[in-house]
Amino acid sequence: MTTAPIPSPAGGPDITTQPAAALHDPGSVLARKPRPAPPGRVSASLTFAWRALLKIRRIPEQMSDVIAVPIVFTLLFTYLFGGALAGSPHGYLQFLLPGTLVMAVLLATMYTGVNLNADLGKGVYDRFRTLRIWQPAPIVGALVGDALRYLLASALVGGLGLLLGYRPGGGAPGMLLAIALVVVFALAFSWVFTLLGLVVRSSNAIMSLAVVVLFPLTLASNAFVDPHTMPGWLRAFVRVNPVTGLVTTTRAAMDGTVTPGQVGIVLAASAALTAIFAPLTMRAYRNHR
Amino acid sequence: MEAISDLAVHATGLTKRFGSTLALDGLDLAVPAGTVYGFLGPNGAGKTTTLRILATLLRPDAGTARVLGHDVVREPEAVRARISLTGQFACLDEDLTARENLRILARLVGNRGRAAHARAQELLDAFNLADVTDRPVKTWSGGMRRRLDLAASLITTPDLLFLDEPSTGLDPASRLQVWDTVQALADAGTTVLLTTQYLDEADRLASRIAVIDHGRVIAEGTPGELKAETGAGHLHIQLASPGQGEQAQAALAHLLDLPVHPDTEPGSLSVAGPAADQAALAVAHLECNGIPVAAFALARPSLDEVFLALTARIQDSSKEHAA
Ligand SMILES: Nc1ncnc2c1ncn2[C@@H]1O[C@H](COP(=O)(O)OP(=O)(O)OP(=O)(O)O)[C@@H](O)[C@H]1O
Ligand SMILES: [Mg+2]
């Protein structure tokens, strides 16, 4: 190695006297005082929601599930079951579309758990946890991002249904009310998956659990078939299944026959799910690792 | 002995078990405020576990820790308001860019829109990351991530900064940058608790050092004290007449109760680990007993030698326990 200074080319900086370390002014790493006050609950949650949106922009492929699943299900159920159960796909679509909407959005909730689980493994949450912020903010913010995913899934099912010939009796207001109720319920239901995302070790395990939970809940309801054809024990399950209430209300909203009581049931079920699973999620979050 | 209020970290009897592994076994630690404190120990000694407990990420099974006067278990919010942690592995959002990472964190510590943006830019410039700012972090090299991770810890200047192996995997220029940064923070009054595998780093930055092994502190003091205490230097003796080698070897071994090794050069001996006073006596003893010494030197131990001597001592004693 030579220690003699290399003559610098005309006009250029003398690289031998400018090591990389000298470019850096150590004093500039210091922040100005005073330190800002920590953000409030809303501000912290919104920052995490913004983070969720940035992530959707950087990795748009994570939206594939909320795009593909609703489209495939709507087409499949309409033409597969429609012909077999109701004689014509078109007649069945009037009955089926609200159920498909519920199923597509509820299936999207499992990715809340899968994404949280993957996110938690990445160490960036260690940093969030050493900040003085409202502790639920990362999860609440992520749910705001998820709400957008659920809206997208709803819009796809609704739009495709209209294309295929579905006509809501309740018109646009009925359709929007139905979507709003489904998204509210899905957000409440997401707390189940945030809890699973925290306590279950791998994303794969969450997926298999989700299938075991979500398929019976959505299929063993009045979403796709009239429960009268079911055996008694199954009918008993359908009656207590919260998804049945959601489907009934959604269908009524779309048909334009919804009652305040039906809306109340969905809101009450959502509140109950949140009241149980949000605190459990937060406890698991505090004790995570 | 320091008054408790002058301590940035005061931990007593910290114990943490992971399944059958006892990661911390009654660890005591007192870090004076306003200093750079080094935390040394072999792999698996419990350094990261200690830092995670002090940064409120883990709860100890037993023992207490106060950080800047606040209990880490009962008052985690008060602790979090004044600390920052740069973990052993980068804590960044891989899918996002550096600017996005820093802006999110700047907001989360309370900066609003424009101020958050400005602070992010300031740090990117300070750490020479401006060129790669708008590429997702997952496309970055390991050393660049380390630097961004450190930048992320400095969005507000903490009163206490935990650095877990800050310079592992950095090139020499980047390491100097990290050292400059630590020095600048310390000059501005931040207490820094850093773990490291590089003893020259501890020697250079830290005013006090704790050596830990198997979840306990096995030695503590200034770098100078540790070197003097372990006395793990080498005594080299060159005899006036090479023929007396064996005689001198026997006399030294008897006197110092340490193994004496003949060097390759005839009449040259070395002994590892005598304390300075004993070494002086040994040289005098040879002279008095008709074995003239032509030259001798007592090499001061490097911190590496101190470290190896300390951890080896622990291993010996645990072997004795097992026997
Ligand atoms: N989450 C965990 N689960 C199980 N064991 C753990 C966990 N974290 C640490 N350990 C164990 O605790 C012990 C101490 O680990 P720690 O990470 O604190 O060591 P360290 O001193 O930081 O080591 P290194 O120099 O390799 O970083 C090790 O035996 C390790 O295997
Ligand atoms: Mg470690």
Side-chain angles (χ1 to χ4, degrees), chain A residues 18-40 42-62 115 118-135 137-138 141 286-289, chain B residues 52 55-59 77-85 87 89-97 100-101 104-105 107-112 115 119 122-123 125-128 136 149-157 162 171-177 179-181 183-185 187-188 190:
Chain A
Q18 288 246 327
L23 291 172
H24 150 80
D25 162 26
S28 64
V29 302
L30 300 172
R32 273 172 300 279
K33 306 259 170 157
R35 194 189 306 248
V42 174
S43 165
S45 302
L46 284 179
T47 302
F48 281 102
W50 178 53
R51 169 176 181 261
L53 296 186
L54 287 174
K55 291 202 116 171
I56 291 176
R57 210 181 68 190
R58 293 278 165 205
I59 17 176
E61 53 284 17
Q62 62 167 302
N115 290 343
D119 225 13
L120 283 167
K122 285 201 186 119
V124 67
Y125 269 77
D126 276 354
R127 196 175 279 293
F128 297 150
R129 249 189 291 238
T130 56
L131 296 172
R132 188 172 57 163
I133 49 173
W134 184 51
Q135 287 296 296
R286 274 194 296 276
N287 297 336
H288 189 73
R289 259 187 294 183
Chain B
R52 289 177 66 85
T56 75
L57 288 172
L58 270 182
R59 273 165 173 268
E77 295 293 299
V79 173
R80 288 178 191 142
R82 296 175 62 194
I83 61 154
S84 255
L85 167 69
F89 305 103
C91 296
L92 298 165
D93 233 319
E94 301 261 309
D95 301 316
L96 302 184
T97 67
E100 288 164 346
N101 265 288
I104 288 171
L105 289 168
R107 280 170 183 237
L108 290 175
V109 296
N111 291 294
R112 309 223 158 239
R119 183 65 186 142
E122 220 167 62
L123 285 167
D125 291 338
F127 284 90
N128 295 331
D149 205 28
L150 180 58
S153 304
L154 300 178
I155 295 209
T156 49
T157 305
F162 298 107
D171 61 34
S174 306
R175 176 170 304 170
L176 282 177
Q177 262 187 10
W179 289 357
D180 284 351
T181 305
Q183 206 56 62
L185 286 165
D187 292 346
T190 296

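Proteins come first, then strands; the chains are lettered A, B, ... in the order of their sequence lines, and each starts at number 1.
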Any luck finding a side-chain donor-acceptor pair between A:R127 and B:S153 under 3.5 Å?
yes
The interface call for B:I155 against chain A, heavy-atom contacts under 4.5 Å, is backbone
Quick one: which of A:D119, A:I133, A:T130 has the most heavy-atom pairs under 4.5 Å with chain B, could you say?
A:T130
Heavy-atom pair of closest approach, residues B:L185 and A:L30:
CD2-CD2, 3.6 Å
By side chain to side chain contact (heavy atoms under 4.5 Å, CB included), A:L46 pairs with (sequence neighbours left out) A:V42
Chain A shares the most heavy-atom pairs under 4.5 Å, among B:L85, B:T190, B:L154, B:D149, with B:D149
What closest approach, in Å, do B:L96 and A:R51 show between heavy atoms, and which atom pair accounts for it?
CD1-CG, 4.4 Å
For A:L131 and B:L108, which heavy atoms make the closest approach, and how far apart are they?
CD1-CB, 3.7 Å
Please classify the contact of B:R107 with chain A as side chain, backbone, both or neither, using a heavy-atom distance under 4.5 Å.
both
Going from CG on B:L105 to CZ on A:F128, what distance comes out if it is rounded to the nearest 0.5 angstrom?
6.0 Å
Mind checking side chain to side chain contact (heavy atoms under 4.5 Å, CB included) for B:A151 and listing every partner two or more places apart, or none if nothing turns up?
B:L123, B:F127
With a 4.5 angstrom heavy-atom cut-off, could you sort out which part of B:D187 is near chain A: side chain, backbone, both or neither?
neither
Shortest non-hydrogen contact between B:E100 and A:L54, atoms and distance
OE2-CD2, 3.6 Å
Restricting to non-hydrogen atoms, name the atom on B:D95 and the atom on A:I59 that form the minimum distance, rounded to 0.1 Å.
OD2-CD1, 3.4 Å
For B:V109 and A:P39, work out which heavy atoms get closest and say how close.
C-CD, 4.1 Å
Test salt bridge (Lys or Arg N to Asp or Glu O under 4.0 Å), reference B:D93, set A:K55, A:R58, A:K122, output is A:K55
For the residue pair A:R129 and B:T56, establish whether any side-chain heavy-atom pair is separated by less than 4.5 Å.
no
